[in-house]
Amino acid sequence: NQSLVQVTTNQRQPCAGLLNALFENPRIEMLGGMDSHMKMSEEEAAASDGTPKHGCCSFLRFEGLDIAKGYNWLGIGRGGIVMSNIFLSTSLIYLASQEAGCFDYEEDKVLENCDTRVYGMLPVALISNVAVISGLLSAFCMPVIGGIVDCTSYRTVVGVLASVLLGIAQSIQIGTISSTWFFMAILQAFAGFLYQAHVMSVMSFLPNIAGTVGQKTIIGFTSIWQMSQFTGQACFLLMVIVITGFILRTNAVLTAQISQGLNVAWIVIAFTLGWRLFPWKVPINRALPEGKALWTEGFRQNWKTIRGLFRQESKALRYYFLALVFAEAATNTFVTVAPTYLIEALGMGSTEVGIFFLVTLVSSIPGSLWAKFFTSRSNPNLSWRVSMLCLAIVGNLGAFLLDIIEIRWAAYVWGALVGVCLGWFYPTEDCFFSMIVPPKQGAELSGFYVYCSQILGWLPPLFFSLLVENGLNQKWGILVITGFHLIAIGICCLQEPWEDLIAEKKMSETTTDEGLTREMEGNSGTSANYFEGSQQDSSDDEVSC
């Protein structure tokens with residue numbers, strides 16, 4: 001049931017960074033398994049002479065790999081969902097505040113420091129409570145989905161089903177009005193879980209693609225996927241802002257309805273174009289052990305991974321994953337509660353909130369460039385720590401200052417600074433992971449990576465809700481959230497010097513068959529799979545992040 005891959009490269013130019021990797025053109029032959037989706041199209045294969053292609057948008061051809069093209073389309077679709085949720089969150093806060101009597105209809109804004117409750121909670125705590133429920137669902141259910149992905153041939157089916165259910169949820173939420181907002185908020189919690197199930201299914205194909213095209217080419221692919229998702233987010237956000245904020249000039253509720261309607265059309269197109277390029281018949285990664293239940297297999301494999309990480313040669317990975325748990329929880333929660341702060345503390349409307357996030361998205365570009373500059377002159381560990389420290393400082397500084405000066409345009413400056421920090425944080429986090437994981441363990445640990453990024457996602461929003469429910473200003477909630485960044489920084493400080501981490505990686509490579517891989521064999525936790533194709537030369541430790 002395993003695919004055999006042979007990658008040959010006729011010509012490679014020296015790779016000075018990500019951009020050069022985009023144009024490398026390996027010839028690929030694949031036998032068995034997902035061959036029709038994992039090898040070059042006949043036209044491109046016939047035209048290929050092993051030389052780099054530099055034509056217009058040639059990088060979007062992904063060396064003719066259908067599954068890589070599909071992966072790109074699915075990322076674009078998810079970008080629209082993320083941006084649409086911003087407008088939906090704004091609408092839910094408005095409607096909850098109106099029902100609680102915490103709304104100024106003359107100025108069309110939410111009243112600050114209103115202590116009237118609706119359904120037993122303050123309207124300002126609604127979004128963070130939704131995040132708590134969604135985070136708990138992901139933490140407890142992701143291993144179940146991971147077991148299905150690993151031990152059955154239904155990887156694509158799981159992803160398609162999650163996509164269909166997401167589309168249905170988005171369609172239902174078009175009807176978010178004063179009489180339905182509470183049900184829509186509950187539905188949004190389940191939609192968050194479906195989003196993670198979709199991501200898990202898609203990422204389970206990533207090791208297959210990496211094994212097919214090789215290490216350097218997958219770096220280029222990853223860069224294009226991230227760029228495409230960013231472009232999709234920015235285009236969708238700009239489209240909604242122009243239509244609802246400048247042409248129709250709608251209120252927050254109608255803006256959310258229009259946004260959800262546009263998003264349904266967006267994901268129908270993107271998800272259809274994406275999934276049609278994925279294989280329906282997928283080889284089983286590994287057989288379910290005799291006597292083991294499919295529903296508990298993911299939990300069992302997660303436990304095996306955790307045990308493996310406590311081996312002496314896995315010290316770097318152990319501290320990285322522990323830091324990842326707190327870093328991702330803090331960053332994701334900060335982005336989630338930011339609309340609540342902007343609406344309640346600054347009185348922003350849906351269009352203004354949308355512009356704030358558009359500024360944040362655009363500002364992440366120079367942040368990513370700075371990440372490359374700083375990391376190349378230091379190391380990923382130091383760069384990741386400094387990025388988290390800057391994000392915590394900027395987050396708290398903006399929240400406390402804006403609460404005092406109450407100048408709306410200053411919020412956009414805050415959004416730009418946050419965008420720079422986020423553009424620095426995410427690439428460095430991924431770079432750190434890629435540099436310390438031995439190549440032969442990359443597939444099995446990629447799933448555990450996804451699980452660690454979600455397992456504690458419910459805790460920071462819970463703290464935020466508890467604080468605001470007890471009458472404290474939201475700025476104190478943001479302070480607590482960014483405190484998780486400080487915990488992650490402290491854990492990273494326990495790491496050995498960077499040179500020792502690289503040496504540890506090389507030692508792990510030489511003991512893979514007897515060490516961590518044996519302990520964690522077959523693990524995904526969420527979405528890992530095994531792909532025993534061509535292995536790249538593991539001596540290339542200086543690949544540009």
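Just so it is clear, the structure is predicted and the values come from calculations on it, not from any experiment.
Side chains of L92 and M184 form a contact here, defined as non-hydrogen atoms less than 4.5 Å apart. In this structure, the side chains of E429 and L324 come closer than 4.5 Å at one or more pairs of heavy atoms. S91 places none of its side-chain heavy atoms less than 4.5 Å from the side chain of F87. Here the side chains of L74 and F278 are in contact, with some heavy-atom distance below 4.5 Å. Side-chain contact between M239 and I243 is present, with at least one heavy-atom pair separated by less than 4.5 Å. Under the 4.5 Å side-chain criterion, counting only non-hydrogen atoms from C-beta, I365 is in contact with F230. Contact check for F357 versus P339: side-chain heavy atoms found under the 4.5 Å cut-off. Inter-residue side-chain proximity for F236 and N263 is flagged as met; some heavy-atom pair is nearer than 4.5 Å.
Taking the six-membered ring for Trp and the full ring otherwise, F205 and Y71 have centroids separated by 6.0 Å or more. Between Y105 and F103, the ring center distance clears the sub-6.0 Å criterion. Residues F271 and W266 keep their aromatic ring centres 6.0 Å or farther apart. If you look at W409 and Y412, their ring centroids are not closer than 6.0 Å. Ring centers of Y154 and W280: at least 6.0 Å apart, outside the cut-off. In this structure, W384 has its ring center closer than 6.0 angstrom to the ring center of Y320. Between W414 and Y341, the gap from one ring centroid to the other is short of 6.0 Å.
Checked by atom type, the side-chain pair Y449/D430 shows a donor-acceptor distance below 3.5 Å. A side-chain donor-acceptor contact under 3.5 Å links E99 and W181.
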Exercise for the section: Decide yes or no on side-chain contact (heavy atoms from CB on, under 4.5 Å) for M203 and V199, but give the supporting numbers first. Expected result: CA-CA 6 Å; M203 286 195 65; V199 171; 4.0 Å; yes
Exercise for the section: Any chance you could lay out the side-chain contact (heavy atoms from CB on, under 4.5 Å) test for V202 and W275, step after step, and finish with the verdict? Expected result: CA-CA 10 Å; V202 175; W275 284 119; 3.8 Å; yes
Practice task
Run the numbers on I258 and V240 for side-chain contact (heavy atoms from CB on, under 4.5 Å), then give the verdict.
Solution key: CA-CA 8 Å; I258 294 174; V240 175; 5.8 Å; no
Exercise for the section: Apply side-chain contact (heavy atoms from CB on, under 4.5 Å) to V337 and I127, showing your working. Expected result: CA-CA 7 Å; V337 302; I127 300 304; 5.9 Å; no
Handout entry: Verdict with supporting geometry, Q260 and S84, side-chain hydrogen bond (donor to acceptor under 3.5 Å, both in side chains)
Key = CA-CA 6 Å; Q260 291 297 107; S84 182; 2.4 Å; yes
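The neighbour count for F374 CZ, taken as heavy atoms of other residues, nucleotides or ligands under 6.0 Å away, is above 12. Within 6.0 Å of CH2 on W73 lie no more than 12 heavy atoms contributed by other residues, nucleotides or ligands. Atom CZ of F140 has 12 or fewer heavy atoms from other residues, nucleotides or ligands within 6.0 Å. Enclosure of atom CZ in R117 by more than 12 non-hydrogen atoms of other residues, nucleotides or ligands within 6.0 angstrom is indicated.
The closest donor-acceptor contact from the side chain of N332 to the backbone of E328 lies under 3.5 Å. Between the side chain of T272 and the backbone N or O of I269, no donor-acceptor pair lies under 3.5 Å. Listed for the D403 side chain is no donor-acceptor partner under 3.5 Å among the backbone atoms of A399. In this structure, the side chain of S97 engages the main chain of I93 through a donor-acceptor pair within 3.5 Å. Using a distance-only test at 3.5 Å, with no hydrogens or angles considered, a donor-acceptor pair links the side chain of T180 to the main chain of I177. Using modelled atom types, one side-chain atom of S364 and one backbone atom of L361 make a donor-acceptor pair closer than 3.5 Å. In terms of modelled atom types and a separation under 3.5 Å, the side chain of T152 and the main chain of V149 share no donor-acceptor contact. No donor-acceptor pair under 3.5 Å is formed between the side chain of Q229 and the backbone N or O of Q226. Checked by atom type and distance alone, the side chain of S465 pairs as donor or acceptor with a backbone atom of P461 at under 3.5 Å. Y451 places no side-chain N or O within donor-acceptor distance of the main-chain N or O of G146, the cut-off being under 3.5 Å.
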Can you give me every donor-acceptor pair (side chain of residues 185-198, partner residue at least two apart or in another chain, under 3.5 Å) with its distance?
residue : atom : partner : partner atom : Å
Q188    : OE1  : Q173    : NE2          : 2.9
Q188    : NE2  : N85     : OD1          : 3.2
Q196    : OE1  : Q454    : NE2          : 3.3
H198    : ND1  : S163    : OG           : 2.8
H198    : NE2  : R78     : NH1          : 3.3

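Looking at every heavy atom in both residues, I481 comes nearest to P460 through CG1-O, 4.1 Å. Of all heavy-atom pairs between P279 and I67, the closest is CD-CD1, 4.0 Å. Heavy atoms only, all atoms of each residue included: A371 and T428 are closest at CB-OG1, 3.7 Å. Closest non-hydrogen pair, S138 versus P143, comes out as O-CD, 4.4 Å. The minimum heavy-atom distance between E352 and G347, with the atom names listed, is OE1-O, 4.2 Å. Shortest non-hydrogen contact noted between A345 and Q474 is N-NE2, 4.4 Å.
In this view, E112 satisfies the side chain to side chain donor-acceptor pair (under 3.5 Å) rule with no residue, not counting sequence neighbours.
Using the six-membered ring where Trp is involved, F463 and F484 have ring planes that are tilted, between 30° and 60° apart.
Remark: D104 does not engage K109 in a salt bridge, criterion side-chain N to carboxylate O under 4.0 Å.
Annotation: the span from T360 atom OG1 to I86 atom CD1 amounts to 8.5 Å, rounded to 0.5 Å. From S178, atom OG reaches atom CG of L95 across 6.5 Å, with rounding to the nearest 0.5 Å. For the atom pair CD of Q257 and OG1 of T244, the computed distance is 12.0 Å after rounding to the nearest 0.5 Å. Note that the CZ atom of F326 and the OG1 atom of T331 stand 13.0 Å from one another [nearest 0.5 Å]. For the atom pair OG of S350 and CG of N251, the computed distance is 7.5 Å after rounding to the nearest 0.5 Å. In this structure, CD1 on I267 lies 6.5 Å from CG on L166, to the nearest 0.5 angstrom.
Screening I241, L342, L358, T255 against V353 for a side chain to side chain contact (heavy atoms under 4.5 Å, CB included) leaves a single residue, L342. Of the options S383, S387, S368, a side-chain hydrogen bond (donor to acceptor under 3.5 Å, both in side chains) to W424 is made by S383 and by none of the others.
A disulfide (SG to SG under 2.5 Å) check over residues 75-119, counting only residues at least two apart or in different chains, returns the pairs C102-C114.
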